[in-house]
Protein chains: 2
Amino acid sequence: MTAFVANAEAARTARMLCRDGLIAPTAGMAPGFTQCNMISLPRDWAWDFLLYAQRNPKPCPVLDVSDPGSHSTPLAPGADLRRDLPLYRVWRNGALAEEVADATQVWAEHADLVTFLIGCSFTFETPLMQAGIEMRHIAQGCNVPMYRTNRPCRSAGRLSGPMVVSMRPIPAERVAEAAMISGRFPAVHGAPVHVGAPEALGITDLSRPDFGDPVEVRTGEVPVFWACGVTPQAAVMASNVPFAITHAPGHMFITDIPDRNWQV
Amino acid sequence: MTAFVANAEAARTARMLCRDGLIAPTAGMAPGFTQCNMISLPRDWAWDFLLYAQRNPKPCPVLDVSDPGSHSTPLAPGADLRRDLPLYRVWRNGALAEEVADATQVWAEHADLVTFLIGCSFTFETPLMQAGIEMRHIAQGCNVPMYRTNRPCRSAGRLSGPMVVSMRPIPAERVAEAAMISGRFPAVHGAPVHVGAPEALGITDLSRPDFGDPVEVRTGEVPVFWACGVTPQAAVMASNVPFAITHAPGHMFITDIPDRNWQV
């Protein structure tokens, strides 16, 4: 990033609402400010994860990495990563153990957690909507649908797993434009990885997403798939990672960084 | 990257020439194929370096990271990272110890070297030249000039140091176009970090680069500065890193990946 805005009041307000107990998907909140996927891992797993992210930059574009034990980030000065997301997932031995609205207590189990903030496709939803392309999950007031695919990520150390994608139905005549607009944001997943033909990704039923909520796909629309920052959670499951804290899918960390900072 | 080309013969030929003893800057060699900066560090330093790169993505865009002890890369199947660059630098306790054309022997000093391949601005020189913008160092048959700046990188663990930039003189009326063309290649340094006003970067004399060769800046031309993959070498010096092997500035590793794979 090259510039912080003077006034990120909308982003701070959204974080404070989450800190005070709001539990809701963050798509559409504080529009224009970058939202992030999050994963915290013990220091011993940090190298494997950073390498996994480097080797899979489409699903895992890293925007910040904390020092071990830190729960702050220069992407949002004053924020507390343990409390300012609306909903967290706690993972033990590769399985979802619980969802919590405040991760302070579970965070304290490990003194050396390294936290990764990963770009989120919500960042390019604003320019897509500005171009008149409806984001169906926002129109429907639900979470974006996400699917585990049959595409393996490139493994790193002890980490492997499939790529997860998010899906937005796009009118056929706007698909190329959606690809070009999102493609200018490579730091937040960039261009789609797949357009149409969900079966080729191993997705048999669009109405039953693995994460998030189903959305209507209308006649004349094509399901467009973007690499998704839930991919690290799929790796946690596939790799039997002993301990991790992540955001709950769709419940992101809202930063003070303007979306436009990622545009190339 | 999404696709390897069927025929990377020009890249392989260039690597073989280097393996067989050719010592020369690689700008202009195997045009259209991605060239990389290289740094190999003992495993104990790999986390600090990968974090340093993540925190400084303009000078240090990581294109591949090897497994410890490996000297191969999927960016160029069959290549030997110990031999296929034209010239290497060996660093001991933060100081340049020697330059060698074959690093096999010095590589064997450490069994756990992790090798980072970092994007190089030579990648966008091809589209710049295709747009009719002369690359002065190629026209002059010399190495690109590089300068240590007064801009500190964001530190990571034991690593800190200044940003290094490469400079190309561009006619004033083409500067905007050069910025836009290179900006579409964020994986290989992307848009310039600075246009004109070298003194603001702490560069007092363009004719005395810290690395590479000076080039002529003509009337009506502006010095344009791009973040440079020699930045890791500046960090090795500033941080007193005990051992590292790098490419010699301008003497890059040539991969089989087409430049266009990095364009967004």
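Letters go in sequence order (proteins before strands), and every chain restarts at 1. Heavy-atom basis, side chains included; hydrogens, waters and symmetry copies ignored. Note that the structure is a prediction, hence the values are computed from the model and not measured.
- Both the backbone and the side chain of A/Ala46 come within less than 4.5 Å of a heavy atom of chain B.
- Here the closest heavy-atom approach between residue A/Leu50 and residue B/Leu51 is recorded as CD2-N, 3.9 Å.
- Nearest heavy atoms, B/Arg55 versus A/Ser66: NH2-C, 3.8 Å.
- Of all residues spanning residues 117-132 of chain B, none has a heavy atom less than 4.5 Å away from chain A's heavy atoms.
- The stretch residues 224-241 of chain A places none of its residues near chain B, where near means some heavy atom under 4.5 Å from a heavy atom of that chain.
- Applying the side chain to side chain donor-acceptor pair (under 3.5 Å) rule to B/Arg158 yields the partners B/Asp44, B/Asp48; only residues at least two apart in sequence or on another chain are considered.
- Closest of all the heavy-atom pairs between A/Val65 and B/Arg154 is O-NH2, 4.4 Å.
- Chain A is approached within less than 4.5 Å, heavy atom to heavy atom, by B/Gly183, B/Pro186 from residues 176-186 of chain B, ordered by number.
- Contact detail for A/Trp47 and B/Phe116: the closest heavy-atom pair is CH2-CZ, 4.0 Å.
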